[in-house]
Amino acid sequence: MTKKRIIINAFDQDVATHHGHGMWRYPGSRDAEYKSIDYWTELARICEKGKFDAIFIADVLGVEDVYKGSPALAIKFPGFMPQNDPVLTISAMAAVTEHLGFGVTMATTYEYPYLVARKFTTLDHLTNGRIAWNVVTGYQKSGAVNLGLTDLVPHDERYEIADEFLEVTYKLWEGSWEDDAVLVDKENGVYADPTKVHPIDHEGKYFTVPGVHSAEPSPQRTPFIYQAGQSEVGKRFAAKHCEGMFVSTSRKEILKPLVDDVRQKAEEAGRPRDSIKIIQALVVIAAETDEAAQEKLARCKELAIPEGTLVQLSSVTGIDFSKYDLDEPLEYIHSEALQAGVAFFTTADPDRQWTLRQVMEFMEIADWNPIICGGPETCADELESWIDETGADGFNLGRVVSHETMSDFVEFVVPELQRRGRMWTDYPEGHNTLRGNTYDGSPFVADWHPASEFRGAYVGKRSAVDMGSETLDPA
């Protein structure tokens, strides 16, 4: 029986500490160099050497100011602050790689679809079709108020906004420019045919976008669509829109029913059951032997700053955990922030009740993610079991120490996974877009994807020549 290929993404953030508060102090760590372009180009080279599918860069727009009502401790430790804009790192990484994909996070609640469409078309051009959009709605009140709102938009309404937001971008990407609109006809001096460029005339509840897309079609047109929400509305959104879904669960027994639920929702949305790739977040501490890996993990734990985990937990959930007793059991509290963050340590695991102290111990190195620690065979065995026992498709491998975490995985674990037929020994030939590599084929969205509804939807309708006060001569 053919074994399922495991999708492998590096998981990072444009910050000094992504997983494990205090790991920037680890000997040889490059964490504090996140501001340098060399940091990102070196990471890209490491991941392409290891035949990773992509680097996925998380992002938040606010600051971690829920814990004790202040961002002071997030700045001191640090957490997700200070942080840079991850979009601006993509071009540099693309320039030093040929096959590696790039996923970047952008929030629909605080952006405009017309501008986002242009950003991703540009990135898709500059990467030759290797870009993915991790669609998020934003969960921090600090981000909302700093971007002009008075409060956090209610959780479910954020997904309503996101749904219309994507509809607008699909119209721009798939429908505004016809396939043969771009001519580059030097002899006649015509770069593109305006009769084949169309306004989308979108008027909705949240957005009005009447015009044409300002950028010509890119290799994928629509970027590969990821999403990370695990609430009920988040899963329904993923089942409709997403080609990949990032998930975070504490153990395999929780991941399997989540995978089954998402796949069922995908079928109910009229798409193939396995068309959504489910990617579990993990941290792998690898070395030549199990003993050497355990020694690395022990060194990390010595440097951990436990209170930093509470700063992050409070920010993600919107709950100030400085007011809680460390040894009292946690109970579910409704939040307009990240609902899956609250559920992770309360309702997600029916067989366990967490105390805040246990949460701190779980998160001290890898945040929300389970840790696999060992030599090549131990790590490969465990990674295979997560896939085979749950039906998931791959992993986001979290960075603990830059760039040691990824370098060790490439050196010790990748060869073993390749030997077992679980990873590429080289990237596929014949197609090199992120979507083509993921689905073994076309760079364009499949017919089951909602973006496909707008493919050619404006052919024969009003075009750019009809938009002015005077009708232009197409010739």
Side-chain angles (χ1 to χ4, degrees), residues 7-60 64 77-86 89-90 92-93 97 100-105 132 134 226 228 246-248 279-287 293 296-297 299-301 303-305 308-309 312 316 362-373 379 383 394-414:
I7 294 172
I8 298 290
N9 297 332
F11 186 23
D12 212 318
Q13 192 163 345
D14 214 332
V15 294
T17 293
H18 187 210
H19 292 320
H21 292 272
M23 296 305 103
W24 55 275
R25 302 181 295 166
Y26 190 94
S29 168
R30 296 189 61 187
D31 289 17
E33 298 176 38
Y34 76 95
K35 310 172 292 296
S36 164
I37 199 168
D38 292 339
Y39 174 100
W40 295 100
T41 54
E42 178 62 20
L43 176 62
R45 289 187 179 99
I46 291 168
C47 292
E48 182 150 275
K49 176 184 176 182
K51 312 304 178 187
F52 283 29
D53 288 69
I55 295 174
F56 162 51
I57 309 178
D59 191 31
V60 293
E64 295 180 311
F77 287 142
F80 289 170
M81 186 179 180
Q83 61 175 322
N84 288 339
D85 185 339
T89 67
I90 302 296
M93 291 190 288
T97 56
L100 184 69
F102 304 98
V104 65
T105 298
N134 177 38
Y226 269 113
F246 298 133
V247 300
S248 183
I279 313 299
Q280 164 72 28
L282 282 177
V283 162
V284 177
I285 305 294
K296 289 184 181 183
L297 179 58
R299 287 199 299 271
C300 289
K301 290 185 176 182
L303 296 171
I305 302 174
T309 65
Q312 184 176 345
V316 169
F362 180 87
M363 294 181 65
E364 65 179 353
I365 301 301
D367 286 342
W368 308 87
N369 309 313
I371 297 174
I372 295 173
C373 180
C379 290
L383 291 169
F395 303 103
N396 271 345
L397 301 180
R399 174 253 287 190
V400 178
V401 177
S402 297
H403 290 304
E404 183 178 292
T405 305
M406 296 307 158
S407 293
D408 287 345
F409 186 86
V410 170
E411 180 179 357
F412 300 116
V413 185
V414 167

Can you measure from [atom1] ([X]) to [atom2] ([Y]) and round to the nearest 0.5 angstrom?
{"X": "N84", "Y": "T89", "atom1": "CG", "atom2": "OG1", "answer": "9.0 Å"}
{"X": "E33", "Y": "E42", "atom1": "CD", "atom2": "CD", "answer": "10.5 Å"}
{"X": "N369", "Y": "N396", "atom1": "CG", "atom2": "CG", "answer": "8.5 Å"}
{"X": "C300", "Y": "R25", "atom1": "SG", "atom2": "CZ", "answer": "11.0 Å"}
{"X": "L43", "Y": "E48", "atom1": "CG", "atom2": "CD", "answer": "11.5 Å"}
{"X": "L297", "Y": "C373", "atom1": "CG", "atom2": "SG", "answer": "4.5 Å"}

Check [X] against [Y] and note the closest heavy-atom contact, atom names and distance.
{"X": "C379", "Y": "I372", "answer": "CA-CG2, 3.9 Å"}
{"X": "T41", "Y": "A92", "answer": "CG2-O, 3.7 Å"}
{"X": "M93", "Y": "W40", "answer": "CG-O, 3.3 Å"}
{"X": "A287", "Y": "A293", "answer": "CB-N, 3.4 Å"}
{"X": "A304", "Y": "I365", "answer": "CB-CD1, 4.3 Å"}
{"X": "A10", "Y": "F52", "answer": "N-CD2, 3.7 Å"}

**Request:** Give a yes or no on whether K301 atom NZ has more than 12 heavy-atom contacts from other residues, nucleotides or ligands under 6.0 Å away.
**Result:** no
**Message:** Quick check on K49: does its NZ atom have over 12 non-hydrogen neighbours (other residues, nucleotides or ligands) under 6.0 Å away?
**Reply:** no
Is there side-chain contact between [X] and [Y], with heavy atoms separated by less than 4.5 Å?
{"X": "D14", "Y": "D85", "value": "no"}
{"X": "I285", "Y": "I371", "value": "yes"}
{"X": "L100", "Y": "K51", "value": "no"}
{"X": "L303", "Y": "M23", "value": "yes"}
{"X": "F56", "Y": "I279", "value": "no"}
{"X": "I46", "Y": "F409", "value": "no"}
{"X": "I8", "Y": "L397", "value": "yes"}
{"X": "I90", "Y": "I57", "value": "yes"}

**Asked** With no hydrogens and no angle check, do the side chains of D53 and N9 hold a donor and an acceptor under 3.5 Å apart?
**Response** no
**Prompt:** Are side-chain N/O atoms of T105 and D59 paired as donor and acceptor at under 3.5 Å?
**Reply:** no
Show every donor-acceptor pair shorter than 3.5 Å between a side-chain atom in residues 399-406 and any protein atom, with sequence neighbours excluded, or say none if there are none.
unit_1: R399; atom_1: NE; unit_2: D12; atom_2: OD1; d: 3.0
unit_1: R399; atom_1: NE; unit_2: Y39; atom_2: OH; d: 3.3
unit_1: R399; atom_1: NE; unit_2: S402; atom_2: OG; d: 3.2
unit_1: R399; atom_1: NH1; unit_2: A16; atom_2: O; d: 3.1
unit_1: R399; atom_1: NH1; unit_2: D31; atom_2: OD2; d: 3.4
unit_1: R399; atom_1: NH2; unit_2: D12; atom_2: OD1; d: 2.7
unit_1: R399; atom_1: NH2; unit_2: Q13; atom_2: O; d: 3.3
unit_1: R399; atom_1: NH2; unit_2: V15; atom_2: O; d: 2.9
unit_1: R399; atom_1: NH2; unit_2: Y39; atom_2: OH; d: 3.3
unit_1: S402; atom_1: OG; unit_2: D31; atom_2: OD1; d: 3.1
unit_1: S402; atom_1: OG; unit_2: Y39; atom_2: OH; d: 2.6
unit_1: H403; atom_1: NE2; unit_2: Y39; atom_2: O; d: 2.9
unit_1: E404; atom_1: OE2; unit_2: Y26; atom_2: OH; d: 3.3
unit_1: T405; atom_1: OG1; unit_2: V400; atom_2: N; d: 3.2
unit_1: T405; atom_1: OG1; unit_2: V401; atom_2: N; d: 2.9
unit_1: T405; atom_1: OG1; unit_2: V401; atom_2: O; d: 3.0

**Request:** Just do the side chain to side chain contact (heavy atoms under 4.5 Å, CB included) check on N134 and F246 with the steps written out, would you?
**Result:** CA-CA 9 Å; N134 177 38; F246 298 133; 3.7 Å; yes
